[in-house]
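Notes to accompany the following structure.
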Protein chains: 2
Amino acid sequence: MTDQSVTKRTRQRRPDTRPSEILAAALALFSEKGFAAARMEDVAARAGVSKGAIYLYFPDKSALLKSIVHQAIGEQIAVAARMADHIEGPVAPVMAQLAGMLAHRIETTDLPSIIKLVIGESRAHPEIGQYYLDNVVKLALPLLERLLSHGIATGEFRAVDPNLTVKCMIGPLMLSALWHAVFVPLGAAPYSVAALADQHMDIFLRGLRP
Amino acid sequence: MTDQSVTKRTRQRRPDTRPSEILAAALALFSEKGFAAARMEDVAARAGVSKGAIYLYFPDKSALLKSIVHQAIGEQIAVAARMADHIEGPVAPVMAQLAGMLAHRIETTDLPSIIKLVIGESRAHPEIGQYYLDNVVKLALPLLERLLSHGIATGEFRAVDPNLTVKCMIGPLMLSALWHAVFVPLGAAPYSVAALADQHMDIFLRGLRP
DNA sequence: TTAGTTACTGACTGGTCAGTCATTAAACTC
DNA sequence: GAGTTTAATGACTGACCAGTCAGTAACTAA
């Protein structure tokens, strides 16, 4: 309150930077209080604008939620897909690398909060859950499934059910994201997601050997 | 509407059965619409009572949420603990059995919806998240950790980080619960959690062999 | 300097809903 | 079957908040 009134006492006109500031504030408040309990006035206050200003950039409250998810997902899966879809040698290192990338994103971005939001609001706002399902789940899982099937075909892995096994692969990472978004704020011990990903892939890939 | 008005047209006095009926209705609506968006009047309607009647049995709305979680958790962890804490032979079959039990509970009870609720409401209602953390997470994980450490000590498993490895073990089951609570209602393909637990433990235990 | 344009403000409105309570009805008592 | 107790009702109230809009401040072009 006191210090920021030094830097900006009067109102500012910054139409370019407002939307992202508002989204950042909204994500913080939504994941802190839940979507329904977060007040637009508080989002505005945290973004340093008045309530009305939000409605210059977003049609309504749920548009904030949608924009947050859209922005966070973006191109990311497509990038991973390109990386994974034409490989020559063994697939195990590629899988380990993908797990490491995901772990890194869990530790350095807002992904955990966003996953938490998607889970919590998917019924009240099915478009959100649907978007995540279509643009993340339905791209990422088949991608890993192809990778796994390829490994089985070449004899690198033993025969397992690819559909189920893919879920075994990402389960621990999903749990890590939720652990850090849900339980750490309540006092649970945080841990290195990268270390977990390493440990998991070590066990997992060894368990897939013929 | 029409048929139940045949069976019970007038108001009934059934103080013994009301609370559980109200809780069942509340769980259904909370997991359908989210806690905040569920209206007490709708909970009452689904339970076949008036809104006022709910307040004869529960002090307020959040008491419904608390009771749902309390009731669902109950003794269950303690039972598993008793089963797991004095074993003689190899621990691998015990771990597989515990995973199977959890898978069964995910498939046959409201556990997935409850997990979803805890995740979604843990910030707005920290007591809920705290209760789950204290009575489920902080009991179940150390229990599995002890089991795992014992297996490492006897040479049944190779040396891994027990703390991280336990999270690798339950991650896929957690994901299954959320899959069925969040994505299946949106059109994702359901799958057998028991089969996933089998597949997972097959890979996991093989990956732990010395 | 001034006239015009665009960004922003915040008091206000209309609707929603948790929780209350005076009233009614069922069940029990003697 | 009159009197008492306890369960249940639903209209009502007070608080809350998303979204609006008349007004104001900042910037721009002339």
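Residues satisfying the side chain to side chain donor-acceptor pair (under 3.5 Å) criterion with A/R206, sequence neighbours excluded, are absent altogether. B/D42 meets the side chain to side chain donor-acceptor pair (under 3.5 Å) test with B/R39; sequence neighbours excluded. Legend: residues meeting side-chain contact (heavy atoms from CB on, under 4.5 Å) with A/A72, ordered by chain and number and at least two apart, are A/I114. Partners of B/M174 under the side-chain contact (heavy atoms from CB on, under 4.5 Å) rule, at least two apart in sequence or in another chain, are A/L175, B/I115. Remark: B/D161 engages no residue in a side chain to side chain donor-acceptor pair (under 3.5 Å) (not counting sequence neighbours). Legend: residues meeting side chain to side chain donor-acceptor pair (under 3.5 Å) with B/D198, ordered by chain and number and at least two apart, are absent.
Each side chain to side chain donor-acceptor pair (under 3.5 Å) pair with one or both residues in residues 106-131 of chain A, not counting sequence neighbours, appears once here: A/K66-A/E127. Residue pairs that meet the ring pair (Phe, Tyr, Trp, His ring centres under 6.0 Å) test with at least one member in residues 162-196 of chain B, sequence neighbours left out, are B/W179-B/F183, B/W179-B/Y191, B/H180-B/Y191.
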Under 3.5 Å, which donor-acceptor pairs do the side chains of residues 22-37 of chain A form with other protein atoms, sequence neighbours left out?
residue	atom	partner	partner atom	Å
A/S31	OG	A/L27	O	3.1
A/S31	OG	A/A28	O	3.4

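Two residues are said to be in side-chain contact when any heavy atoms from C-beta on lie closer than 4.5 Å; A/K167 and A/L141 meet this criterion.
Taking a 4.0 Å limit (strictly below) on heavy-atom distances, residues 57-65 of chain B reaches DNA chain C at B/D60, B/K61.
Taking a heavy-atom distance under 4.0 Å as the criterion, the stretch of DNA chain D touched by chain B extends 5' to 3' from D/dT6 to D/dG10.
Rounding to whole angstrom units, OH of residue B/Y55 and P of C/dA22 are separated by 18 Å. Between the CZ atom of B/R39 and the P atom of C/dG19 there is a distance of 14 Å, rounded to whole Å. Separating the CZ atom of B/R14 from the P atom of C/dA27 is a distance of 11 Å, rounded to the nearest angstrom.
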N/O contacts under 3.5 Å, protein versus nucleotides 11-14 of chain C?
none

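As judged by a 4.0 angstrom heavy-atom cut-off over every strand, B/A44 is placed among residues making no nucleic acid contact.
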